[in-house]
Amino acid sequence: MAGGNWTRVSEFTLMSFSSLPTEIQSLLFLVFLIIYLVTLMGNGLILLVTWADPMLHSPMYFFLRNLSFLEICFNLVAVPKMLATLIAQDTTISFLGCATQMYFFFFFGVSECFLLATMAYDRYVAICDPLHYPVIMSTRTCAKLAAASWFPGVPVATVQTTWLFSFPFCGTNEVNHFFCDSPPVLRLVCADTALFEVYAIIGTILVVMLPCLLILCSYARIAAAILKIPSAKGKHKAFSTCSSHLLVVSLFYVSLSLTYFRPKSNNSPESKKVLSLSYTVVTPMLNPIIYSLRNNEVKNALGRTFCKILSLRNCIP
C-alpha cells in the first residue's frame, strides 16, 4: 500500500464476539465469568495448599505451584478484557495496551511450554532414579529449573512484540479476535512482513516442539521404567504420580497445535477464536481440577487446610 495511505494507529478495536446477537454475548459473559472465577479460585487454592501444607513441600508441588501462578497470570492477560467487550461493549484497546497484552501472552505461553517440560523431567527423575531424587532435585536445583523455565519467555516476547509493533499500520484498526494475538494484528500491517512471518513460524516451532520433545523423551524413559516394575500395584502407583501432568500436557499441546499448526484454508478467524478459548480460558480452569481430583495428596491437603481454617476436629492426618 502507498506510503501516503499509512496512518498512525493510537488504538485498536477488538472485534471479539461482536458478530453474535446481544443475548448470546450476555450468555457468553456469564459462562466465561464463572469459568474465570473458578480458574482464579482453583489455582489460588493450589497455591495456598502447596505453600501451607508441609507434606506438599516437595519438588513436584513446587513446580505445580509455579504452574498455578502462571495460569492465574495467563488468565489475567486476556479474560478481563474479553469480559469487558462482552458486557460493556468496551472494545477499544490502546496501542500500548495491545502491545502489552501481546507481550505477556507470549511470555506466559512460552514459559508454560518450558515449565511443563521441567515438570516432566521431575517425574522422570522421581520414577527412574528414586534413590537419588532428593539429591538431584534439591531446593537449589528446583529454583534454577524454575528460573530456566520462566526465562525463555522474555526474549521471545520482547523480540516478537517489539518487531511487530514497529511496523506501520493502515486502514482499519479492527483486530478480529478477543485479544491482541500476533496473526490478527499482523493483518493490519502496511509493510512487507515476510521476514517477520518466517521468524514467527520458526520461533513458534522451536518454542513448542523443543519442550514437547523433552516431554516425550522423559515419558518414553518413564514408560520403559514402569514396564520393568514386576507388580501391577507398583506399576499403577508409578503411573499415578505422573498421570495428572500427562493429562495437563495433552490438553495444552492439543489445543495449541489445533490453533497454530492447522492449514490456513481450515483456519478461519471465527474458528481460531473458539480454539483460542481452549488454552486461554478452559485449560487454566481444568488444570487445578485435574490435579485435585486425580491426586490423593492434594485432596488430603485440601481437607487438612480447610480443617485448620475452620478449626474443625477429626481432620485428615
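When atom types are taken as modelled, the side chain of K273 and the backbone of S16 share a donor-acceptor pair closer than 3.5 angstrom. Checked by atom type and distance alone, the side chain of R65 pairs as donor or acceptor with a backbone atom of T50 at under 3.5 Å. No side-chain donor-acceptor contact under 3.5 Å links N75 to the backbone of P284. No donor-acceptor distance shorter than 3.5 angstrom exists from the side chain of E112 to the backbone of L67, with no hydrogens or angles considered. A side-chain donor-acceptor contact under 3.5 Å links T283 to the backbone of S278. Judged by distance alone, the side chain of N43 and the main-chain N or O of T39 form a donor-acceptor pair under 3.5 Å. A donor-acceptor pair is defined here as one N or O able to donate and one able to accept, closer than 3.5 Å; such a pair exists between the side chain of T172 and the backbone of E174. Here the side chain of D181 pairs no donor or acceptor atom with the backbone of P183 at under 3.5 angstrom. E11 places no side-chain N or O within 3.5 Å of a backbone atom of T92 that could act as its donor or acceptor partner.
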Q: Mind running ring-ring contact (aromatic ring centres under 6.0 Å, His included) on Y124 and Y219 for me, showing each step along the way?
A: CA-CA 7 Å; Y124 156 71; Y219 275 106; 9.9 Å; no

**Q.** Derivation and outcome, side chain to side chain contact (heavy atoms under 4.5 Å, CB included), residues Y291 and V248
**A.** CA-CA 9 Å; Y291 273 101; V248 167; 3.6 Å; yes

Q: Please step through side-chain hydrogen bond (donor to acceptor under 3.5 Å, both in side chains) for the pair T85 and T91, ending with a clear verdict.
A: CA-CA 5 Å; T85 62; T91 59; over 6 Å; no

Q: Any chance you could lay out the side chain to side chain contact (heavy atoms under 4.5 Å, CB included) test for I290 and L251, step after step, and finish with the verdict?
A: CA-CA 11 Å; I290 292 169; L251 286 171; 3.5 Å; yes

Q | Pair F63-T118, side chain to side chain contact (heavy atoms under 4.5 Å, CB included): steps then yes or no | A | CA-CA 8 Å; F63 294 122; T118 299; 3.6 Å; yes

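Of the options T204, T161, V207, L206, a side-chain contact (heavy atoms from CB on, under 4.5 Å) to V156 is made by V207 and by none of the others. The one candidate from D122, L116, N287 that meets the side-chain contact (heavy atoms from CB on, under 4.5 Å) condition with H245 is L116.
Side chains of S240 and S243: no donor on one and acceptor on the other come within 3.5 Å.
Cluster membership check: V154 does not share its hydrophobic cluster with L210, using side-chain heavy-atom separations under 4.5 Å among Ile, Leu, Val, Met, Phe, Trp and Tyr. By the criterion of side-chain heavy atoms lying less than 4.5 angstrom apart, applied directly or through intervening Ile, Leu, Val, Met, Phe, Trp or Tyr residues, F252 is not grouped with L216; the two fall into different hydrophobic clusters. The hydrophobic cluster containing L20 also contains L83, counting ILVMFWY residues as joined when their side-chain heavy atoms lie under 4.5 angstrom apart, directly or transitively. By the rule that hydrophobic residues join a cluster once side-chain heavy atoms approach within less than 4.5 Å of another member, L96 and L164 end up as members of separate clusters. One hydrophobic cluster holds both F29 and I24 under the rule that ILVMFWY side chains link at heavy-atom gaps under 4.5 Å.
Residues F104 and F74 place their aromatic rings such that the two centres sit no closer than 6.0 Å. F114 has its ring centre no less than 6.0 Å from the ring centre of W150.
In this pair, F105 and Y279 present their aromatic rings tilted. The plane angle is within the 30 to 60° band. Ring geometry for F167 against F196 counts as perpendicular: the plane angle is over 60°, on a 0 to 90° scale with 30° as the lower cut. Ring geometry for F32 versus F17: interplanar angle of 30 to 60°, hence tilted.
For the atom pair L145 CG and S138 OG, the distance stands at 9.0 Å (nearest 0.5 Å). The structure places SG of C142 at 12.5 Å from CE of M60, a figure rounded to the nearest 0.5 Å. For the atom pair I215 CD1 and R123 CZ, the distance stands at 14.0 Å (nearest 0.5 Å).
Summarising the local packing, CH2 of W51 is surrounded by 12 or fewer heavy atoms from other residues, nucleotides or ligands at distances under 6.0 Å. More than 12 heavy atoms of other residues, nucleotides or ligands shown are found within 6.0 angstrom of NE2 on H57. The environment of F69 atom CZ is sparse: at most 12 non-hydrogen atoms of other residues, nucleotides or ligands sit within 6.0 angstrom.
By the SG-distance test at 2.5 Å, no disulfide connects C212 to C113.
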